[in-house]
Amino acid sequence: MIWLTWRQFRAQAVTAAAALAVFAVLLAVTGPHLASLYAASGITGCHGGSCGQLASNFLSQVGTGLYPAVYLLGIAGIVLAPAVIGIFWGAPLIAREFEAGTFRLAWTQSITRTRWLAVKLALTGLAAMAITEALSLIQAWWAAPIGQAARLATDSNFPLGMSPFSLLAFDAHGITPLGYAAFAFTLGVTAGVLIRRTVPAMAITLAIFAAVQVAMPLSIRPHLFPPDHTTAALSSFSSLPTQIRPNGGFAFGVDYLPSQPGAWILSGGAVNAAGQPVSTSPAACRSEAITGSPAWTPCLTSHGIRIAVSYQPTSRYWALQLTETAIYVALALVLASYCFWRLSRRPS
């Protein structure tokens with residue numbers, strides 16, 4: 001049974017292994033020069049406030065030419081890999097057997113339905129998880145200098161010099177790709193078991209997986225752990241995107257926290273001395289706001305206005321990774337169990 005499953009799966013396996021090898025060669029060729037630029041940047045020996053500027057300089061240096069393209073290619077490949085696996089590996093795995101009628105031959109032999117499905121799920125599913133995590137690990141090795149600099153930088157021109165919690169970086173690194181691959185694969189298999197036609201199963205797999213991948217970072221991940229809260233002086237931010245309205249109203253865009261480099265910023269805005277949200281300049285500061293005077297920020301500070309931030313600290317990165325991966329693996333196990341139950345009840 002294992003040999004038969006391998007023969008049915010070998011084309012996909014060889015294609016995935018070849019793509020992984022090409023990607024590894026690309027990173028191996030470009031990685032050493034990227035690491036040498038990081039070593040020469042002075043970040044490793046910096047202290048205090050100088051680290052942020054050095055990190056920004058490094059990200060600006062590698063923000064042109066080949067490096068952004070390689071970085072984007074790696075991130076895109078890892079993020080899309082589970083979807084591709086669910087569509088082209090999971091959905092046809094059982095649906096193709098039903099369409100061709102070959103399941104009848106297997107079920108009339110001495111092999112039970114449970115063993116037949118278990119071998120298919122185990123061999124193909126483990127391969128899917130291994131390929132996806134291998135992509136993630138080699139990309140993480142290559143991008144380690146960029147990730148280290150992104151944690152320290154407060155301003156850079158590097159298009160994807162993102163913190164570990166940013167949407168694409170979190171999905172592409174750590175152990176979450178394992179969970180995504182397991183879920184996408186079993187989702188495809190389940191769609192095939194239910195629909196028994198390959199193309200419709202592939203379409204449904206893509207739709208459901210895409211919906212879950214959008215819902216997780218927007219609606220579920222921010223609430224897995226209670227956020228921390230703090231306030232910071234306006235002067236502590238080296239850059240603070242600001243929108244000023246003609247009537248003196250304002251809004252701050254907070255995308256980092258000086259005291260917590262690399263933290264995941266969930267929300268942020270101005271509050272008064274009592275901790276209440278504020279979006280209108282005090283009367284004494286209104287003229288400075290309207291004219292864009294540099295004295296506007298010190299004026300707000302003198303009236304007790306600060307920045308309130310809700311965030312997840314970097315120390316929770318692996319807790320979030322483990323929790324999210326556990327959710328996806330649990331969903332994959334539920335789907336796999338349903339497939340076993342469904343096939344055991346279906347007449348041959």
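Heavy-atom basis, side chains included; hydrogens, waters and symmetry copies ignored.
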### Task
Determine, using ring centers only, whether F209 and Y180 are less than 6.0 Å apart.
no
### Message
Checking the side chain of S236 only, and the main-chain atoms of A233 only, is there a donor and an acceptor separated by less than 3.5 Å?
### Response
yes
#### Entry: Any donor-acceptor pair under 3.5 Å from S136 side chain to A172 backbone
yes
### Message
For a side chain to side chain contact (heavy atoms under 4.5 Å, CB included) check, start with the C-alpha distance between V309 and T231, then their side-chain angles and the critical distance, and finish with the verdict.
### Response
CA-CA 6 Å; V309 181; T231 58; over 6 Å; no
### I220 reachable from L335 in the ILVMFWY side-chain graph, under 4.5 Å edges
yes
### Query
Got I265 and D255 here, is their nearest side-chain heavy-atom distance under 4.5 Å?
no
### Query
Do P217 and F170 come close enough that some side-chain heavy atom pair is under 4.5 Å?
no
#### Entry: Value rounded to 0.5 Å, distance of OG in S235 from CD1 in I307
10.5 Å
### Message
Nearest 0.5 angstrom please: I175 CD1 to L137 CG, how far?
### Response
11.0 Å
### Query
Under 3.5 Å, is there a donor-acceptor pair between the side chain of T124 and the main chain of L121?
no
### Message
Just verifying a value: how many Å separate T190 OG1 and L331 CG, rounded to the nearest 0.5 Å?
### Response
10.5 Å
### Task
Compare every heavy atom of T132 with every heavy atom of P82, then report the nearest pair and how far apart it is.
CG-CG2, 4.2 Å
### Query
Quick one: does S293's side chain have a donor or acceptor within less than 3.5 Å of a partner on A289's backbone?
no
### Query
Taking C-beta and beyond as the side chain, do P177 and M129 meet within less than 4.5 Å on heavy atoms?
no
### Task
Measure the CG-OG1 distance between L234 and T301 for me, rounded to the nearest 0.5 Å.
4.0 Å
### Query
Is the backbone of P313 close enough, under 3.5 Å, to the side chain of Q260 for a donor and an acceptor to pair up by distance?
no
### Task
Indicate yes or no for a side-chain donor-acceptor contact from T325 to the backbone of L322 under 3.5 Å, with no hydrogens or angles considered.
no
### Query
Just by modelled atom types, is the V271 backbone N or O under 3.5 Å from a matching donor or acceptor in the Q276 side chain?
no
### Query
To the nearest 0.5 Å, how far apart are NZ in K120 and SG in C339?
12.5 Å
### Query
What is the distance from atom CD of E288 to atom SG of C299, rounded to the nearest 0.5 Å?
5.0 Å
#### Entry: Shortest non-hydrogen separation from T205 to G188 and the atoms involved
OG1-CA, 3.3 Å
## Note on the structure
In short, G174 meets W318 closest at the heavy-atom pair CA-CH2, 3.8 Å
### Query
Taking the side chain from T198 and the backbone from A91, do they hold a donor-acceptor pair closer than 3.5 Å?
no
### Query
Does the gap between the ring centers of W296 and F250 come in under 6.0 Å?
yes
### Query
Can E97 and R196 be counted as an ion pair, charged N to O under 4.0 angstrom?
no
### Message
Under 4.0 Å between a side-chain nitrogen and a carboxylate oxygen: does that hold for R221 and E324?
### Response
yes
### Message
Tell me the closest heavy-atom pair linking D171 and T176, and the distance in Å.
### Response
O-OG1, 3.6 Å
### Message
Against Y317, only a single residue in W264, F165, F225 fulfils ring pair (Phe, Tyr, Trp, His ring centres under 6.0 Å); can you say which?
### Response
F165
### Query
Would a distance-only check, ignoring hydrogens and angles, find a side-chain to backbone donor-acceptor pair under 3.5 Å from T186 to F183?
yes
### Summary
Looking only at heavy atoms, the pair that brings A232 and F237 closest together is CB-CE1, 3.8 Å
### Common cluster, W89/L80, ILVMFWY with side-chain heavy-atom separation under 4.5 Å
no
### Query
How about D228 and Q312: do any of their side-chain heavy atoms sit closer than 4.5 Å?
no
### Query
L333, F185: one ILVMFWY side-chain cluster at the under-4.5 Å cut-off?
no
### Task
For the residue pair T280 and R286, establish whether any side-chain heavy-atom pair is separated by less than 4.5 Å.
yes
### Query
Are the side chains of R115 and V119 in touch, meaning some heavy atoms are under 4.5 Å apart?
yes
### Query
Does any donor atom in the side chain of H173 or Q139 lie under 3.5 Å from an acceptor atom in the other side chain?
yes
#### Entry: Y256 side chain near V254 side chain, heavy-atom distance below 4.5 Å
no
### Task
Find out if a path of hydrophobic residues (ILVMFWY) with successive side-chain heavy-atom gaps under 4.5 Å connects L126 to V329.
no
### Query
Residues two or more places apart in sequence or in another chain: which of them pass side-chain hydrogen bond (donor to acceptor under 3.5 Å, both in side chains) with Q213?
Y328
#### Entry: Any side-chain heavy-atom pair of L300 and F252 under 4.5 Å
yes
## Note on the structure
Minimal heavy-atom distance between A181 and A128, with the atoms involved, is CB-O, 4.0 Å
### Query
Linking I/L/V/M/F/W/Y whenever any side-chain heavy atoms sit under 4.5 Å apart, do L168 and W141 land together?
yes
Give the table of side-chain donor-acceptor pairs shorter than 3.5 Å for residues 19-43, with sequence neighbours excluded, one pair per line with atom names and distance.
residue, atom, partner, partner atom, Å
T30, OG1, L26, O, 3.0
T30, OG1, W142, NE1, 2.8
H33, ND1, Y67, OH, 2.4
S36, OG, H33, O, 2.6
S41, OG, Y38, O, 2.5
S41, OG, I43, N, 3.4

